[in-house]
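Remarks on the structure that follows.
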Amino acid sequence: MRPLLLDWGEPGPLERGFGLTDYVAGRLERALAAVPGPVVLVGYCMGGLLALAAAQRRPDRVRALALLATPWDFWAADAAQAQAVGALLPALEPMLAALGALPVDAIQAIFAGLDPFSIAAKYRGFARVDPASGRARRFVALEDWLNDGVALAAPVARECLAGWYGGNAPARGEWRIAGEAVVPARLRLPSFLAVPARDRIVPPAAALALAGVLPGALVHHAAAGHIGMVAGSTAEAALWRPLLEWVLGLPP
């Protein structure tokens, strides 16, 4: 396999004015056009939604689609909680206006608020680990990775909080890229949906909603959480080998 990673980078002065259309119909489509293809397009979490929209716009450049822990129906598991996340936007507006972006610390705080007690439990568990052990080194490496995100451009933050969480726009057929509604039912591509069983960030019901609207999708239930599925000690068995087998089994 030859994996190619699209690294968005920290939004600079230009990108701080970007919305999701700029990222999907601009940067992502140009990346698809630039690489040898068509490709197997893989998106994780929010990236899955971007990948889905790009595949609809450029099916000629996408051989197959893999969506990992990708939400679609934001209200499926707990509509009130999702709407509460969307309701944070007015309080964040002064920050968005001043910085042109939603900083990583603010993003982390929002996700931590979904399950605040799990953070204390995580570090209590770490306190019982031998600091010189491989397990401790892996824990620190994973925490470094988790906290090494980039800010969200302000227009993107508004679309995600108000449109996705507050309005459930994708599941209601109201999420648009370049004026066109993103409709998974239009896709005629082999699709792989990885749904972590213990996901607190994207509840399984939110991701499984795609199975009902994406024709012929293969659903892979991973015995892991949102982060553990892709970067935990069991990630190889939980996700990467099943995904590789699916890719290798695609028709030529």
Side-chain angles (χ1 to χ4, degrees), residues 1-12 15 23 27-28 31 35 39-51 65-71 85 99 101-153 156-157 160 192-204 206-207 220-248:
M1 305 300 292
R2 185 193 175 202
L4 299 172
L5 174 66
L6 182 56
D7 189 343
W8 298 102
E10 192 74 27
E15 289 89 359
Y23 280 110
R27 297 286 171 83
L28 183 49
V35 299
V39 300
V40 176
L41 186 59
V42 182
Y44 173 42
C45 193
M46 176 182 179
L49 286 164
L50 273 61
L65 188 62
L67 306 177
L68 317 179
T70 297
V85 173
L99 302 177
L102 185 63
V104 173
D105 288 349
I107 298 170
Q108 296 285 57
I110 292 171
F111 284 126
L114 298 176
D115 187 12
F117 297 107
S118 67
I119 298 172
K122 176 173 65 174
Y123 285 104
R124 281 198 301 269
F126 179 59
R128 295 190 292 269
V129 175
D130 177 1
S133 67
R135 181 180 173 189
R137 288 192 295 272
R138 286 192 298 272
F139 180 94
V140 172
L142 183 57
E143 288 300 302
D144 284 348
W145 176 70
L146 283 173
N147 290 284
D148 189 32
V150 296
L152 279 181
V156 171
C160 294
F192 178 97
L193 301 182
V195 181
R198 301 189 297 274
D199 198 335
R200 294 186 180 92
I201 294 174
V202 177
H220 171 66
H221 294 275
H226 189 85
I227 304 301
M229 182 180 74
V230 299
S233 59
T234 63
E236 184 175 334
L239 174 65
W240 299 118
R241 286 198 174 277
L243 177 57
L244 177 62
E245 291 170 6
W246 175 77
V247 172
L248 294 176

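Model, not experiment: these values are computed from the prediction. Along the sequence shown, the residues carry numbers beginning at 1. Every heavy atom of this structure was used, including side-chain atoms; hydrogens, water molecules and symmetry mates were not.
Using a distance-only test at 3.5 Å, with no hydrogens or angles considered, a donor-acceptor pair links the side chain of Q108 to the main chain of L146. A donor-acceptor pair is defined here as one N or O able to donate and one able to accept, closer than 3.5 Å; such a pair exists between the side chain of S133 and the backbone of A136. The backbone N or O of D144 sits nowhere less than 3.5 Å from a side-chain atom of D148 that would complete a donor-acceptor pair.
Two residues are said to be in side-chain contact when any heavy atoms from C-beta on lie closer than 4.5 Å; W246 and V40 meet this criterion. The shortest distance between side-chain heavy atoms of W145 and V230 falls below 4.5 Å. Looking only at side-chain heavy atoms (C-beta outward), L50 and W8 come within less than 4.5 Å of each other. Between Y23 and E15, the closest side-chain pair of non-hydrogen atoms falls below 4.5 Å. Using a 4.5 Å heavy-atom threshold, the side chains of V140 and F126 count as touching. The side-chain heavy atoms of F139 and V129, taken from C-beta on, include no pair separated by under 4.5 Å. Contact annotation: the side chain of R2 never approaches that of V35 to less than 4.5 Å [non-hydrogen atoms, C-beta and beyond].
Pairing each heavy atom of A197 with each of P204, the nearest pair is O-CG, 3.7 Å. When all heavy atoms are compared, the tightest approach of A151 to P103 is CB-CA, 4.0 Å. Shown here for T70 and L49, the closest heavy-atom pair between the two residues is CG2-N, 3.7 Å. Closest heavy-atom contact between A231 and L142: CB-CD1, 3.7 Å. Taking every heavy atom of both residues into account, N147 and V104 meet most closely at O-CG1, 4.3 Å. L239 and A194 make their closest contact through CD1-CB, 3.7 Å (heavy atoms, listed as atom of the first residue, atom of the second, distance).
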I'd like a table of donor-acceptor pairs (distance under 3.5 Å, sequence neighbours excluded) in which one partner is a side-chain atom from residues 221-228, with atom names and distances.
from: H226; atom 1: ND1; to: D199; atom 2: OD1; distance (Å): 3.2
from: H226; atom 1: ND1; to: D199; atom 2: OD2; distance (Å): 2.7

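Within the model, atoms CG of L67 and CZ of F192 stand 10.0 Å from one another, a figure rounded to the nearest 0.5 Å. Distance CE/M229 to NE2/H220: 7.5 Å, rounded to 0.5 Å. The CE atom of M46 lies 8.5 Å from the CD1 atom of I107; values are rounded to the nearest 0.5 Å. Residue L41 holds its CG atom at 11.0 Å from CG of L4, rounded to the nearest 0.5 Å.
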(request) Check the pair M1 / L248 against side-chain contact (heavy atoms from CB on, under 4.5 Å), numbers first and verdict last. (result) CA-CA 9 Å; M1 305 300 292; L248 294 176; 4.0 Å; yes
